[in-house]
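As structure tokens, the structure follows; a few thoughts come after it.
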Amino acid sequence: PLEIMPMMSLTVFNGDSNHDREPARVQDVSRQIDVLESLGVNEYIIWNGEENIADTDIPVYDQLQKLLDYRENQANSTQG
């Protein structure tokens, strides 16, 4: 069988959207991860291609940290 790993981005890539090439909201990326996990997918790639989010000065590292913090806060709020 061919193994396929989903690739996600921290940037919106949708030419028909008013938000094309803008940073994706961490809440939206987190929700996408939740959907993948609900389907049994526990491995995925978050790819950006450069050190900054497309067309911004936002470092990928900072956006990834925001995503991790958001997911941790969500997990803590559902446990307590």
Side-chain angles (χ1 to χ4, degrees):
L2 177 63
E3 292 189 29
I4 298 174
M5 187 173 294
M7 185 181 303
M8 304 172 66
S9 178
L10 298 173
T11 302
V12 175
F13 290 105
N14 180 349
D16 293 332
S17 171
N18 291 335
H19 302 288
D20 186 44
R21 311 261 322 147
E22 289 182 3
R25 294 177 349 135
V26 293
Q27 299 91 327
D28 295 339
V29 176
S30 181
R31 188 170 43 240
Q32 291 170 352
I33 292 170
D34 289 341
V35 169
L36 289 174
E37 290 178 349
S38 75
L39 297 170
V41 177
N42 295 309
E43 294 183 4
Y44 42 85
I45 298 168
I46 298 179
W47 179 84
N48 191 69
E50 302 203 11
E51 291 183 24
N52 289 338
I53 302 298
D55 300 333
T56 73
D57 293 330
I58 302 169
V60 169
Y61 177 85
D62 289 354
Q63 201 71 350
L64 283 172
Q65 189 62 56
K66 286 180 187 177
L67 175 61
L68 291 173
D69 291 345
Y70 178 83
R71 290 187 61 77
E72 185 176 312
N73 288 338
Q74 289 296 102
N76 289 339
S77 70
T78 59
Q79 290 175 0

If you look at every heavy atom in [X] and [Y], which pair is closest and at what distance?
{"X": "L10", "Y": "Q63", "answer": "CD1-CB, 4.0 Å"}
{"X": "H19", "Y": "V12", "answer": "O-CB, 3.4 Å"}
{"X": "V29", "Y": "S9", "answer": "CG2-O, 4.0 Å"}

First locate atom [atom1] of [X], then atom [atom2] of [Y], and finally report the distance between them rounded to the nearest 0.5 Å.
{"X": "R21", "Y": "I53", "atom1": "CZ", "atom2": "CD1", "answer": "11.0 Å"}
{"X": "D62", "Y": "D57", "atom1": "CG", "atom2": "CG", "answer": "11.5 Å"}
{"X": "L67", "Y": "S30", "atom1": "CG", "atom2": "OG", "answer": "6.0 Å"}
{"X": "D55", "Y": "E22", "atom1": "CG", "atom2": "CD", "answer": "10.0 Å"}
{"X": "N48", "Y": "M8", "atom1": "CG", "atom2": "CE", "answer": "13.0 Å"}
{"X": "Q65", "Y": "D69", "atom1": "CD", "atom2": "CG", "answer": "4.5 Å"}

* Asked: Should N76 and E72 be marked as a side-chain contact (heavy atoms from CB on, under 4.5 Å) after you check the CA-CA gap, both sets of side-chain angles, and the distance that decides it?
  -> CA-CA 6 Å; N76 289 339; E72 185 176 312; 3.8 Å; yes
* To do: Check the hydrophobic clustering (I, L, V, M, F, W, Y; side-chain heavy atoms under 4.5 Å; chains of links allowed) and say if Y44 and V26 are grouped together.
  => yes
* Asked: Any donor and acceptor pair, going by atom type alone, linking the side chain of S17 with main-chain N or O of N14 inside 3.5 Å?
  -> no
* **Fellow cluster residues of M5, listed by chain then number, with links counted only when side-chain atoms sit under 4.5 Å apart** => M7, I45, W47
* To do: Would you please test V60 and N52 for side-chain contact (heavy atoms from CB on, under 4.5 Å) and show each step?
  => CA-CA 5 Å; V60 169; N52 289 338; 5.7 Å; no
Would you give me the side-chain donor-acceptor pairs under 3.5 Å for residues 31-41, sequence neighbours excluded?
from: R31; atom 1: NH2; to: D28; atom 2: OD1; distance (Å): 2.7
from: D34; atom 1: OD1; to: R71; atom 2: NH1; distance (Å): 3.0
from: D34; atom 1: OD1; to: R71; atom 2: NH2; distance (Å): 3.3
from: E37; atom 1: OE1; to: R71; atom 2: NH2; distance (Å): 3.3
from: S38; atom 1: OG; to: V35; atom 2: O; distance (Å): 2.7

